[in-house]
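Before any comments, here is the structure.
All values reported here derive from a predicted model rather than from experimental measurement. Counting starts at 1 for both ligands and their atoms, in listed order.
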Amino acid sequence: MTRPVAEPYKIKSIEPIRMTTRAERERAIADAGYNTFLLKSEDVYIDLLTDSGTNAMSDRQWAAMMMGDEAYAGASSFYRFEAAVRDVYGFKHVVPTHQGRGAEHLISRILIKPGHVIPGNMYFTTTRAHQEMQGGTFVDVIIDEAHDSTAQHPFKGNVDLDKLRAVIDRVGAENIPYVNVAVTVNLAGGQPVSMQNLRETRALLQKHGIRMWCDATRAVENAFFIKEREAGYAGKPVREILHEMMSYFDGCTMSAKKDCLVNIGGFLAMNDESILQSARELVVLFEGMPTYGGLAGRDMDAIAQGIYEMIDDDYIAHRVHQVRYLGQQLLDAGVPIVEPIGGHAVFLDARRFLPHVDQEQFPAQALAAALYVDSGVRSMERGIISSGRDPQTGENRKPKLELVRLTIPRRVYSDRHMDVVAYSVKHLFENRDRISGLKMVYEPPTLRFFTARFEPLPASAKKQEKELALV
Ligand code: F0G
C-alpha cells in the first residue's frame, strides 16, 4: 500500500459549480460551434480548458494584493516583483507584461529580423505567431520521441543537438537571433528537458555566439521532473534546480498565469542591458510604463508572493502527482494518452482514440466536444486546428500529435474531481465508435483554434448501425 499524498492546503473560500443536463450541454456545444473555447464557463462543470490564469490564489496572495501600490510610475509593487524574479529566477532585469505573449511580442520584435530562423523544442501557438509576425521562421529541433505519443523517454522535451547543429550549418549562426527552449514543452504533453540537455545546448550555442532564450512558463514543473528523474538532483530543493536551469539562459519569456499561481501577468527577464533598454522602449508603446507593463500594482504583488509559493517542494510534488493521478486511471483502462504523463495536463491521443476519424475531420476537436456533452468537462484541442496553416503554402499543417488536453488548474480541483473526469473519458472510450468527425464552417486568419466554428459530420452508415445496437 502506498500512503496517499493529499493537497498541501485546506479550503477557506469556495466557488460553487453546477452540473447541467445533457440536453443543456448539447445545446451549449452547438451554440459554441463545437469549439470548447466558445462555451460559456457557467455551462461548464469541471473546467480543464487550461491551467492558464485559472489558478487558485492563497490567502497570502490575496493579502499581498491589498498591499498593491497603484502609482502610475515607480510603484513599490514593481520593486517587490523585480526582487522576487531576481532572487528566484536569477536574471538581472525584468520587464512586466500583461501576460506571456506580451513578452513574446517584445523579444520577437527586439531580436528577429525578416529571414531569421528561430529553432525551438516544438512550437507553441503564440510564440510562433509572434516570430512569424516579425518575418522569422520557426524550426523544430525537439528530439523525435516528442512527436510519438507512446515513446517512453524521461526527458521528451530535450533539444536534439544534431538537428540544432544541422540548422546552424544550413542557415548560419548570424541568421539565428536566439534559440527558444521551452521548459516544459506544452504541446509535446508537458514534457520536461533535462539539466544535461540544457547544459549541452548552452555549450553548443555559446560556441556559435547564439543566444539561448527560455520559455519559462512551466519551469517549476520541469525542475520537479529533474529532481525525480535526473541523477544528482534527488535531494535538491526545486528552488535550487530552477535556479540552475535558468543560469544557462540569457533570458526568458514568462506567462505568470501558470507557474506563478496568479490569474494574470507575465514578464520578460534578461541579463543583457541593451535588450532591457529596447524592451523598456517598446513596453511603453504596447503594454504600459516599464514599472507596470499592463499590470495593476496588486497583480505584481500577487506574482511576487506566488513566485515563492511555486517553489515549495510539497506544493509542486502534489501538483504533478494530481496530474499523474488522473493520467494513471486512464492508462489502467487502456485509454491512449501521451506518455509519460506530463506536468500540467493529461493529453488524450485522439488518433488512437478515434482511429475511424480522419485528421482532416478534426478528431481531437470532435473528442473534446463529445467529452463536454458527456460530463460537462471542458478540454482543449491541440492538434491540426491549433497547428494552423503554413504561411507560405496555405496548407493545413498536419502535426503527428492530434491531442485533447485535459489541463489541471493549480490548487483548484480535488482528486475526486479527477475521478469524475476519468470516469467520463473511460465511458467515451468504451463508446468511441459513436463519435464522428466535424467540418470547419468558419476559420479566422490567425490562431484559428480560439474562434473557429464547426458542424458535426453525418454519422457513417457503419456507425449508425453501432448506435442502434447500443440503444
Ligand atoms: N508559452 C507557453 C508554453 C504557453 O503554454 C503559453 C500559454 C504561452 C507561452 C503564452 O502565454 O497565454 O500568458 O500569453 N498557454 C496557454 C495554454 C494559453 O492554455 O496552454 P499567455
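A donor-acceptor pair shorter than 3.5 Å cannot be found between the side chains of Tyr34 and Arg453. Side chains of Thr20 and Asp43: a donor-acceptor N/O pair is absent below 3.5 angstrom, by distance only. With no hydrogens or angles considered, no side-chain donor-acceptor pair links Asn222 and Thr184 at under 3.5 Å. Of the N and O atoms on the side chains of Arg382 and Asn186, not one donor lies less than 3.5 Å from an acceptor on the other residue.
Both the sub-6.0 Å distance and the 45° axial angle are not jointly satisfied by Arg60 relative to the ring of Tyr308. Under the 6.0 Å distance and 45° angle rule, Arg128 counts as a cation-pi partner of Tyr123.
Looking only at heavy atoms of the protein, atom 13 (O) of ligand 1 is closest to Ser255 OG, 2.6 Å. Ranking the protein heavy atoms by distance from atom 8 (C) of ligand 1 puts Phe124 CE2, 3.4 Å first. Scanning all protein heavy atoms for the shortest distance to atom 21 (P) of ligand 1 gives Gln99 NE2, 3.3 Å. Looking only at heavy atoms of the protein, atom 1 (N) of ligand 1 is closest to Asp215 OD2, 2.6 Å. Closest to atom 15 (N) of ligand 1 among all protein heavy atoms lies Lys258 NZ, 2.9 Å. The nearest heavy-atom contact from the protein to atom 10 (C) of ligand 1 is Thr126 OG1, 3.5 Å.
Salt bridge Arg218/Asp259: absent, no basic N to carboxylate O contact under 4.0 Å. A salt bridge does not link Lys400 to Asp148: none of the charged side-chain nitrogens sits closer than 4.0 Å to a carboxylate oxygen.
Of the N or O atoms in Gly100, one or more lie within a sub-3.5 Å distance of an N or O in ligand 1. Residue Asn186 has at least one N or O atom closer than 3.5 Å to an N or O atom of ligand 1. Of the polar atoms of Arg101, at least one N or O is found under 3.5 Å from an N or O of ligand 1, judged by distance alone. Considering backbone and side-chain N/O of Thr50, one or more are found under 3.5 Å from N/O of ligand 1.
Listed by number with element, the atoms of ligand 1 under 4.0 Å from a non-hydrogen atom of Thr217 are 1 (N), 2 (C), 9 (C).
Heavy-atom separations between Arg405 and ligand 1 include at least one value shorter than 4.0 Å.
For atom 9 (C) of ligand 1, the nearest non-hydrogen atom from the set Met122, Glu104, Lys257, His130 comes from Glu104.
For an aromatic pair to be called close, the ring centres must be under 6.0 Å apart, and Tyr315 with Phe224 fails this.
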